[in-house]
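All remarks here apply to the structure that follows.
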Amino acid sequence: MAVAAHLPSDMSDEQRAITEMVRQFADEQILPNAEHYDHEDTFPEPIVAQMRELGLFGVTIPEEYGGMGLDLTTYAMIVEELSRGWISISGIVNTHFIGSYLLMKFGTEEQKQKYLPRMATGEIRAAFSLSEPELGSDVQAIKSTAKKGEDGKYEINGQKMWVTNGLLSALVFVLVKTDPDAEPRHKGFTCFIAEKEAGVGENTGEYAGLNVPPKIKKMGYKGVESTELVFDGYRCPAENILGGEQEGLGRGFAQMMDALEVGRVNVAARGVGIAQRALELALRYSQERKTFGRPIAEHQAIQFKLADMATQVDAARLLTQRAARLKDAGERSDLEAGMAKLFASEAGRFCVEESFRIHGGYGYSKEYEIERLYRDAPLLLIGEGTSEIQRMVIGRKLLQRHKI
Ligand SMILES: Cc1cc2nc3c(=O)[nH]c(=O)nc-3n(C[C@H](O)[C@H](O)[C@H](O)COP(=O)(O)OP(=O)(O)OC[C@H]3O[C@@H](n4cnc5c(N)ncnc54)[C@H](O)[C@@H]3O)c2cc1C
C-alpha cells in the first residue's frame, strides 16, 4: 500500500529527481535493513558505501571541490528522506555536513583544498564536538583547553562527550578554550580541525594524545556511534585552526553558533522524516487492524489521531523548508531555524507516540518498526539544542527583532 507523502509541487526538477532517488534508496536499502543494524547496534557499512556512490556525503560541497553544490533546501529534502528510512543514517551525514559547512564558510583555501574533496566522496568523514561531560546547553562553560607550545603547535587537553561519528571520523571540528581570560568570554574559544585515524581507539604517531573510549550504549539511535573523546596532550598544528591562526583564533564560538543554525534545519528535517514514517505506518496499520467488526481507521478517535499527525508533519515540513530557503537566500534565519527545530522535533516525538498508540500492543513488539522509531525519536529533542534551549533562542531573537 503506497502511503508515502506526495512530493511538494514547488520542488524544482532537480530537487524532485534527487528526492525521488533518495526515497527509493531508503525504501530499498535502508528500511529493509534498519532493523538488523538497530538490533545488532553495528555500523551499517554496506548502506554507507552506497551513500558514498550516490554522492550523498558531498551534497552541499561546491562542485569545484568534488561535491554536488546543492543548497540547504535540497539538502533538507534529502535528509528528510534518509531520516524517514532511519535517523541513524541521517546522523552519519549530519555532523559531516556541519563540518563541511564550517570549512566552506570559514576555512582557508588551503583547508578547503585539503579536506573538502575527500569529504565530498565520503573517503573521510567529519565529527563535530562541543559537548563535554559537564555541559551541553551551556557551551561557554567548555573546559577543554588548547595552549600554544614553543614549537608553534597547540596542545589540546580535555574530555569531550557525545561525539556522533566519534570513532569512524577522520576529522573532528572541536571547540576548546584558548584564552580563559577573554572578555567577552566567547572570544576565548577556538575551533580546531583535529585529525585522527578513523576507526582507531588509541591514536599514535602524529595523532597521539587523542583517544576514543568504547561507544556509549544508547536506548536508540543505534548503528551510528556516539563516543567520548579524550584529548591528553594531543598536538595540533596552528594551521589546523579553522580559518587559520590569524583569522580563526578566538573566533570558534561564533563559527560554531553559525554552524548550529544550519544544524538546526538539518535536525528539523530529521524530525519531519521520522514523523512522516510514523504517519505512514499508522495509516497502513489502522486500515489493516480490525476491532469491533471494522478497521480501526473507521473509528473517529483513530481518524483524529491521523489528522493531527498529518497536520503536524505538513506544518513541520513547511517550517523546515522556510528556514532553509531563507538561509539559501542569504536572509536572516536564526529565529526560523529555531522554530523549525523546535516544532519538527516535537512533531517527530508526537507522531511516533500517536502511531505507537495506534499499533496497540504490537507497537511494543520488536516485530514492528514503530518500536524502533519510539526509541529513536527522543534524540531529536536533545541534539543541536534541547527544546528548552530552542525556546530561549526563539524568545531572545523575537525580542531583538521587535525591540521597542
Ligand atoms: C545521541 C546523542 C548524540 C549527540 N551528538 C553530539 C555531537 O555530535 N556533538 C556534540 O557536541 N554534542 C552532541 N550531543 C550532545 C547534545 O548536544 C547535548 O546532550 C545537548 O546539547 C544537551 O546538553 P546536556 O545533555 O548537557 O543537557 P544539559 O545542558 O545539562 O540540560 C539538562 C536539562 O536542562 C535544560 N536546561 C539547560 N539549561 C537550561 C536553561 N537555561 N533554561 C531552561 N532549561 C535548561 C535542558 O533543556 C535539559 O532539559 C549528542 C547527544 C546525544 C544524546
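Hydrogens, waters and symmetry mates are skipped; everything else that's a heavy atom, side chains included, is used. Note that ligands are numbered from 1 as they come in the structure, with each ligand's atoms numbered from 1 the same way. In this chain, residues are counted from 1 in sequence order.
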task: Take every heavy atom of Asp138, measure it against each atom of ligand 1, and state whether any distance is under 4.0 Å.
output: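 Asp138: no contact with ligand 1 (<4.0 Å).
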
query: Got a sec: does the CD of Glu64 have more than 12 other heavy atoms crowding it under 6.0 Å?
result: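 Counting other residues, nucleotides and ligands, CD of Glu64 exceeds 12 neighbours.
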
Nitrogen or oxygen of [X] less than 3.5 angstrom from that of ligand 1:
{"X": "Leu130", "answer": "yes"}
{"X": "Thr95", "answer": "no"}
{"X": "Gly385", "answer": "no"}
{"X": "Tyr221", "answer": "no"}

query: Any idea which heavy atoms bring Ser129 and Val163 closest together, and the distance?
result: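 Nearest heavy atoms, Ser129 then Val163: OG-CG2, 3.6 Å.
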
query: Is it the side chain (CB and beyond), the backbone, both or neither of Lys160 that lies under 4.0 Å from ligand 1, heavy atoms counted?
result: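 Under 4.0 Å from ligand 1, Lys160 contributes no heavy atoms.
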
task: Of the side chain and backbone of Ser129, name the one, both, or neither that has a heavy atom under 4.0 Å from an atom of ligand 1.
output: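 For Ser129, only backbone atoms sit under 4.0 Å from ligand 1.
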
- prompt: Side-chain contact, heavy-atom cut-off 4.5 Å: Arg277 with Glu280?
  reply: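 Side-chain contact under 4.5 Å: yes.
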
- prompt: Hey, does Trp86 have a side-chain heavy atom less than 4.5 Å from the side chain of Asp376?
  reply: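 With C-beta onward as the side chain, the pair touches.
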
field: Heavy-atom donor-acceptor pair, Thr190 side chain to Gly250 backbone, under 3.5 Å
entry: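 Yes; at least one donor-acceptor contact below 3.5 Å.
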
- prompt: Less than 4.0 Å between a side-chain N and a carboxylate O, is that true for Glu384 and Lys341?
  reply: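 Looking at Lys341 and Glu384, the cut-off is not met.
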
Interfacing atoms of ligand 1 (cut-off 4.0 Å, heavy-atom, Met392):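 Ligand 1 atoms under the 4.0 Å threshold to Met392: 40 (C), 41 (N), 42 (N).
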
Numbered atoms and elements of ligand 1 in range of Leu135, under 4.0 angstrom, heavy atoms: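 Counting from 1, the qualifying ligand atoms are 26 (O).
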
Nearest protein heavy atom with distance in Å, relative to atom 7 (C) of ligand 1: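 Result: Trp162 O, 2.9 Å.
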
- request: Could you check Phe128, Tyr101, Phe57 and say which one makes a ring-ring contact (aromatic ring centres under 6.0 Å, His included) with His96?
  value: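 Going through Phe128, Tyr101, Phe57 one by one, the ring-ring contact (aromatic ring centres under 6.0 Å, His included) with His96 is satisfied by Phe57 alone.
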
